[in-house]
Amino acid sequence: ASWWLAASAAISQAMVTRLNVVVAADMEPLHEASAALPISPVWLKVVRRAVVMLPLVAGQLFLIAAINLGTVPVKPSVFTMYLLASLLGNFALVVAASAPPVPGVREDPAARVSWWLVILVSSIALGSEVVV
């Protein structure tokens, strides 16, 4: 079960990252075209983030149901921390990726990759400690 949770963390983070890139690329022209409409650009960005996070939330709900229905003994506090680390970490990555660039400041790609790896390693470490 620990390996499955670790694999779930790695796959979900990779899928959310890829989905964020695809949604941003596909929806950016639509957001620019809808600038004349009475829709707030902030609202569009919030909806885009929610669309990206929806598969992760659905997967976590499925994981909660599978763990609760299974016979594998788990540490509830560690399992909760695992779910929160995965959810909040991925949400932070989505928000950081969709944030507008700061004028005059060049973004360091290594910093984004470092945060991605820290969140991944944290989720995998917590996933390996969930099972009693």
Practice problem: For the residue pair Ser128 and Leu5, establish whether any side-chain heavy-atom pair is separated by less than 4.5 Å. | Solution: no
Quiz item: What distance do Leu63 atom CG and Leu83 atom CG have between them, rounded to the nearest 0.5 Å?
Solution: 6.0 Å
Quiz item: Mind checking whether Leu84 and Val94 sit in one hydrophobic cluster, side chains of I, L, V, M, F, W, Y counted as touching below 4.5 Å?
Solution: no
Self-check item: Within-4.5 Å side-chain heavy-atom neighbours: Arg18 and Val21
Solution: yes
Quiz item: Should Met27 and Met15 be regarded as members of a common hydrophobic cluster, given that ILVMFWY residues are connected when their side-chain heavy atoms come within less than 4.5 Å of each other, either directly or indirectly?
Solution: no
Quiz item: Does Ile64 reach the side chain of Phe79, with side-chain heavy atoms less than 4.5 Å apart?
Solution: yes
Exercise. Measure the spacing between CZ of Arg49 and CG of Asn20 and express it to the nearest 0.5 Å.
Key: 9.0 Å
Self-check item: Same cluster (ILVMFWY, side-chain, under 4.5 Å), Val95 and Val52
Solution: yes
Quiz item: Under 6.0 Å from the CH2 atom of Trp4, do we count more than 12 heavy atoms belonging to anything else shown?
Solution: no
Exercise. Provide the closest heavy-atom pair for Leu120 versus Ala9 in the form atom of the first, atom of the second, distance.
Key: CD1-O, 4.2 Å
Quiz item: Would Trp43 end up clustered with Leu37 when hydrophobic side chains under 4.5 Å apart are linked, directly or stepwise?
Solution: yes
Quiz item: Quick one: are Gln60 and Ser86 in side-chain contact, heavy atoms under 4.5 Å?
Solution: yes
Quiz item: Does any pair with a residue in residues 66-79 pass side-chain hydrogen bond (donor to acceptor under 3.5 Å, both in side chains), and if so which ones, sequence neighbours excluded?
Solution: none
Quiz item: Okay, side chain of Gln13, backbone of Asn90: is any donor-acceptor separation there less than 3.5 Å?
Solution: no
Exercise. Examine Leu93 and Val113 and state if one hydrophobic cluster contains both, with Ile, Leu, Val, Met, Phe, Trp and Tyr joined whenever side-chain heavy atoms are less than 4.5 Å apart.
Key: yes
Quiz item: Between atom CG of Leu88 and atom OG of Ser123, what is the distance when rounded to the nearest 0.5 Å?
Solution: 10.0 Å
Practice problem: Look at atom CE of Met53 and say whether more than 12 heavy atoms of other residues, nucleotides or ligands are closer to it than 6.0 Å. | Solution: yes
Quiz item: Which atoms form the tightest heavy-atom contact between Ala10 and Ile124, and what is the distance?
Solution: CB-CD1, 4.4 Å
Practice problem: Answer yes or no: is there a side-chain heavy-atom contact under 4.5 Å between Val130 and Ser2? | Solution: no
Quiz prompt | Leu87 vs Leu56 side-chain heavy atoms within contact, under 4.5 Å | solution = yes
Practice problem: Could you go through the side chain to side chain contact (heavy atoms under 4.5 Å, CB included) check for Ser122 and Tyr82 one step at a time? | Solution: CA-CA 8 Å; Ser122 300; Tyr82 164 78; over 6 Å; no
